[in-house]
Amino acid sequence: MKEAIIVGGGLAGGAAATLLAQAGRPVLLLEREAEPVDKVCGEFLSIEAQHHLARLGLDLDHLGATRIGTLRVAFGRRTVETPLPFVARGLTRKRLDSALLDRAANAGARIERGFTVRSIAPGRIDTSRGELRSDLLLLASGKHEVRGAGRDVAGCDAGYVGFKTYWRLPRRARTGLDGQIDVILFDGGYAGLQMVEGEVANLCLLIEKSRLAALGGNWAGVLDALLREPHAAALLGDAEQCSPKPLTIAGVPYGFLHRADPAETAFRLGDQAAVIPSFCGEGMAIALHSAAVAAAVIGEGARAADHHAILRRDFQRRLRLSIALQRAGQKTWSRELVLKTLRLWPGVAKHIIALTRIPSDPTDGRHHGLSPRR
Ligand SMILES: Cc1cc2nc3c(=O)[nH]c(=O)nc-3n(C[C@H](O)[C@H](O)[C@H](O)COP(=O)(O)OP(=O)(O)OC[C@H]3O[C@@H](n4cnc5c(N)ncnc54)[C@H](O)[C@@H]3O)c2cc1C
């Protein structure tokens with residue numbers, strides 16, 4: 001069997017390495033970070049992501065993941081609570097990604113850390129440690145572009161900057177957040193706050209670039225604006241930020257969906273295949289789903305173009321809907337509408353959430369069969 005080379009050891013790369021190695025294929029995974037690191041991510045694991053992780057043999061209880069059953073939306077002084085249609089989990093990416101790479105190594109994959117891929121061309125990979133050759137390349141470098149395989153992100157919604165920090169909350173605030181994810185809407189953006197393992201809270205927020213500039217272009221200005229929101233002030237006012245500097249990310253191409261090209265040989269996974277708006281909490285499910293599809297397609301001897309066509313079929317409708325919701329959510333009137341609707345019909349949230357879900361099984365027939373509809 002041909003050796004598969006995987007670029008990137010996040011969730012997509014780790015999942016693909018595990019599945020391919022379990023199928024008996026030689027796998028080499030190249031990850032540029034020498035050690036596990038924190039990532040900009042809300043760390044909200046949807047039910048679809050949980051299904052994938054369970055199939056990969058990861059035990060979220062054992063890893064210490066928190067449980068999240070309620071969504072609370074706050075806008076100004078008002079808050080609305082609604083049950084989620086599933087129990088979500090909260091777990092740091094540092095712990096999750098590292099557990100998945102351990103899993104891949106146990107399945108027989110060779111994991112090389114501190115190994116940066118500089119560029120790729122059909123059959124050839126230029127790395128920080130020399131050139132490698134393989135006809136089976138999987139690109140899972142997340143938001144980072146690799147020369148020779150840049151994404152075509154024209155027309156995507158890239159006008160946001162993301163920030164992520166961990167917080168130690170006072171006991172009362174911690175109890176108030178237990179079992180919930182809080183989404184705080186503020187002028188020009190929104191923040192998600194939830195507990196992860198180790199009794200810390202993950203604060204992850206997105207803000208429009210123009211609003212960030214108006215706030216001084218820095219974290220101090222953003223935090224100041226957030227803490228002027230009564231709900232954020234109640235939870236974070238007396239809390240301690242675990243590290244002085246947040247992690248940041250800019251220019252995430254929301255709505256990106258790779259187009260199948262018959263000439264393409266690399267299999268794109270995760271954010272290299274599709275990027276769904278963060279508020280959906282489905283980016284990790286996309287990463288895991290794309291890895292499962294790639295492993296199945298490779299197992300059947302099919303081509304990268306088939307893989308990309310299947311992903312397009314699985315993701316397109318959900319991406320369109322979630323981008324429309326993200327755009328609508330920028331308007332004050334629509335935020336008012338969301339709050340009123342949730343208050344009057346809490347069940348509506350479940351339907352909207354259901355419409356933006358990603359398939360959790362690439363092999364369960366009717367919806368996710370492996371032959372792309374052409
Ligand atoms: C603000 C924000 C909040 C989010 N919140 C959530 C959420 O709550 N729930 C959710 O499900 N999703 C969320 N997401 C989306 C989710 O984080 C991503 O979709 C997911 O991490 C994609 O996984 P991946 O494996 O494709 O990429 P990554 O997890 O980014 O992994 C890519 C890996 O490739 C490595 N790499 C990059 N370039 C190279 C190279 N040249 N050579 C070698 N290695 C390389 C990187 O070091 C990294 O480890 C959020 C995203 C953002 C921006």
Side-chain angles (χ1 to χ4, degrees), residues 5-17 28-50 52-53 68 88-94 96-98 100-101 111-120 125-129 132 138-149 151 158 160-165 181 183 189-194 196 202-207 246-254 256 268-291 315 356-358:
I5 296 190
I6 302 177
V7 181
L11 284 188
L28 170 62
L29 181 146
L30 309 172
E31 165 55 47
R32 66 179 191 172
E33 300 289 348
E35 302 284 339
V37 293
D38 287 320
K39 288 183 172 166
V40 180
C41 182
E43 301 178 333
F44 173 93
L45 281 164
S46 68
I47 191 71
E48 293 77 17
Q50 294 173 49
H52 281 291
L53 292 168
I68 301 164
R89 309 298 298 262
L91 185 66
T92 61
R93 291 296 301 275
K94 200 171 181 175
L96 178 60
D97 290 22
S98 150
L100 190 51
L101 286 188
I111 311 292
E112 293 284 354
R113 282 189 165 280
F115 215 119
T116 302
V117 171
R118 293 192 182 125
S119 67
I120 63 173
I125 300 142
D126 178 33
T127 82
S128 51
R129 300 199 210 160
L132 298 170
L138 290 86
L139 185 59
S141 56
K143 39 210 136 314
H144 308 279
E145 308 299 351
V146 174
R147 210 174 334 128
R151 292 172 294 181
Y160 291 90
V161 178
F163 291 90
K164 181 238 184 120
T165 49
I181 176 162
V183 174
Y190 61 90
L193 189 67
Q194 65 173 51
V196 288
N202 170 326
L203 173 72
C204 193
L205 66 83
L206 275 181
I207 182 163
L247 294 175
T248 59
I249 187 162
V252 175
Y254 289 116
F256 166 71
R268 285 174 184 269
L269 310 178
D271 284 357
Q272 283 292 314
V275 182
I276 195 164
S278 304
F279 74 86
C280 298
E282 280 287 62
M284 290 191 270
I286 285 192
L288 295 163
H289 181 76
S290 63
F315 299 154
T356 57
R357 297 297 91 190
I358 295 305

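Remember, it's 1-based here, ligands and their atoms both numbered in the order they're listed.
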- ligand 1 N/O within reach of Arg93 N/O, cut-off under 3.5 Å: yes

- Item | Backbone N/O of Leu203 and side chain of Lys164: donor-acceptor pair under 3.5 Å | no

- Tell me: protein heavy atom nearest atom 15 (C) of ligand 1, and distance? Gly283 CA, 3.8 Å

- Message: Donor-acceptor check, side chain of Asp97 to backbone of Gly10, threshold 3.5 angstrom: yes or no?
- Response: no

- Task: Please examine the side chains of Leu28 and Ile111, heavy atoms only from C-beta on, and report whether any two atoms are closer than 4.5 Å.
- Result: no

- Ignoring hydrogens and geometry, is there a side-chain-to-backbone donor-acceptor pair from Glu31 to Glu33 under 3.5 Å? yes

- atom 37 (C) of ligand 1 [closest protein heavy-atom partner, distance rounded to 0.1 Å]: Ser141 O, 3.3 Å

- Using distance alone, decide if ligand 1 has a nitrogen or oxygen within less than 3.5 Å of any nitrogen or oxygen in Met284. yes

- N/O donor-acceptor pair under 3.5 Å between Arg151 side chain and Asp271 backbone: yes

- Message: For Ile6 and Leu30: C-alpha separation, side-chain torsions, deciding distance, then whether side-chain contact (heavy atoms from CB on, under 4.5 Å) applies.
- Response: CA-CA 6 Å; Ile6 302 177; Leu30 309 172; over 6 Å; no

- Task: Using a strict 4.0 Å cut-off to heavy atoms of Tyr254, name the atoms of ligand 1 that fall inside it.
- Result: 53 (C)

- Should you measure from each heavy atom of Phe44, which atoms of ligand 1 turn up under 4.0 Å away? 7 (C), 8 (O), 9 (N), 10 (C), 11 (O)

- Task: May I ask you to decide if Phe279's main-chain N or O and Tyr190's side chain share a donor-acceptor pair within less than 3.5 Å?
- Result: yes

- Item | For ligand 1, the portion of His144 having any non-hydrogen atom under 4.0 Å away | side chain

- Message: Taking distance alone, with N or O pairs closer than 3.5 Å, would you say Cys204 contacts ligand 1?
- Response: no

- Query: Quick one: does Ile286 get a heavy atom under 4.0 Å from ligand 1?
  - Reply: no

- Note on the structure: The closest protein heavy-atom partner of atom 22 (C) of ligand 1 is Asp271 OD1, 3.4 Å

- Query: Does ligand 1 have an atom that lies less than 4.0 angstrom from a heavy atom of Gly8?
  - Reply: yes

- Item | Within-cut-off N or O pair, Glu33 and ligand 1, under 3.5 Å | no

- Are the side chain of Glu43 and the backbone of Arg93 linked by a donor-acceptor contact shorter than 3.5 Å? yes

- Using a heavy-atom cut-off of under 4.0 Å, does the side chain or the backbone of Lys39 touch ligand 1, or both, or neither? side chain

- Can you tell me the protein heavy atom closest to atom 13 (C) of ligand 1 and the distance? Cys41 SG, 3.6 Å

- Message: Please check whether Gly42 reaches ligand 1 - meaning an N/O of the residue sits under 3.5 Å from an N/O of the ligand, judged on distance alone.
- Response: yes

- Query: Where does Phe279 meet ligand 1, judged by heavy-atom distances below 4.0 Å: at the side chain, the backbone, both, or neither?
  - Reply: neither

- Task: Check whether any side-chain heavy atom of Phe115 lies under 4.5 Å from a side-chain heavy atom of Arg129, and answer yes or no.
- Result: yes

- Relative to ligand 1, is Leu30 under 4.0 angstrom through side chain, backbone, both or neither, heavy atoms considered? backbone

- Query: Does Arg118 reach the main-chain N or O of Val146 with its side chain, forming a donor-acceptor pair under 3.5 Å?
  - Reply: no

- Query: Any donor and acceptor pair, going by atom type alone, linking the side chain of Glu282 with main-chain N or O of Ser46 inside 3.5 Å?
  - Reply: no

- Message: Is the contact between Ala49 and ligand 1 made by the side chain, the backbone, both, or neither, using heavy atoms and a 4.0 Å cut-off?
- Response: neither

- Query: Are any of the N or O atoms of Glu43 closer than 3.5 Å to those of ligand 1?
  - Reply: yes

- Message: Between Val37 and Lys94, is there a side-chain heavy-atom distance shorter than 4.5 Å?
- Response: no

- Task: Name the closest protein heavy atom to atom 23 (O) of ligand 1, giving the residue it belongs to and the distance to 0.1 Å.
- Result: Ala287 CB, 3.7 Å

- Answer yes or no: is there a side-chain heavy-atom contact under 4.5 Å between Val117 and Asp126? no

- Message: For ligand 1, which is the ligand I care about here, please tell me if Asp97 has any N or O atom under 3.5 Å from one of the ligand's N or O atoms.
- Response: no

- Where the closest heavy atom to atom 40 (C) of ligand 1 is concerned, which of Val161, Leu96, Val117 has it? Val117

- Message: With respect to Ala12, determine whether any N or O atom, backbone or side chain, lies less than 3.5 Å from an N or O atom of ligand 1.
- Response: yes

- Take every heavy atom of Phe163, measure it against each atom of ligand 1, and state whether any distance is under 4.0 Å. no

- Item | For Ala140, the ligand 1 atoms whose distance to one of its heavy atoms is below 4.0 Å | 32 (C), 33 (C), 34 (O)

- Item | Atoms of ligand 1 close to Phe115 [distance to a heavy atom under 4.0 angstrom, numbered from 1] | 42 (N), 43 (C)

- In the protein, which heavy atom is nearest to atom 49 (O) of ligand 1, and how far is it? Glu31 OE1, 2.7 Å

- Note on the structure: Closest to atom 52 (C) of ligand 1 among protein heavy atoms sits Ser278 OG, 3.3 Å

- Are any of the side-chain heavy atoms of Met284 and Leu96 separated by less than 4.5 Å? yes

- Can you list the steps and then say if Tyr254 with Ser278 is a side chain to side chain donor-acceptor pair (under 3.5 Å)? CA-CA 8 Å; Tyr254 289 116; Ser278 304; 2.5 Å; yes

- Query: Is a side-chain donor or acceptor of Ser128 paired with a backbone partner of Thr116 at a separation under 3.5 angstrom?
  - Reply: yes

- If you measure every N/O of Thr116 against every N/O of ligand 1, is any gap under 3.5 Å? no

- What residue and heavy atom of the protein are closest to atom 39 (C) of ligand 1, and at what distance? Arg32 CD, 3.7 Å

- Task: Look only at the side chain of Gln272 and the backbone of Ala140, and say whether a donor-acceptor pair between them is shorter than 3.5 Å.
- Result: no

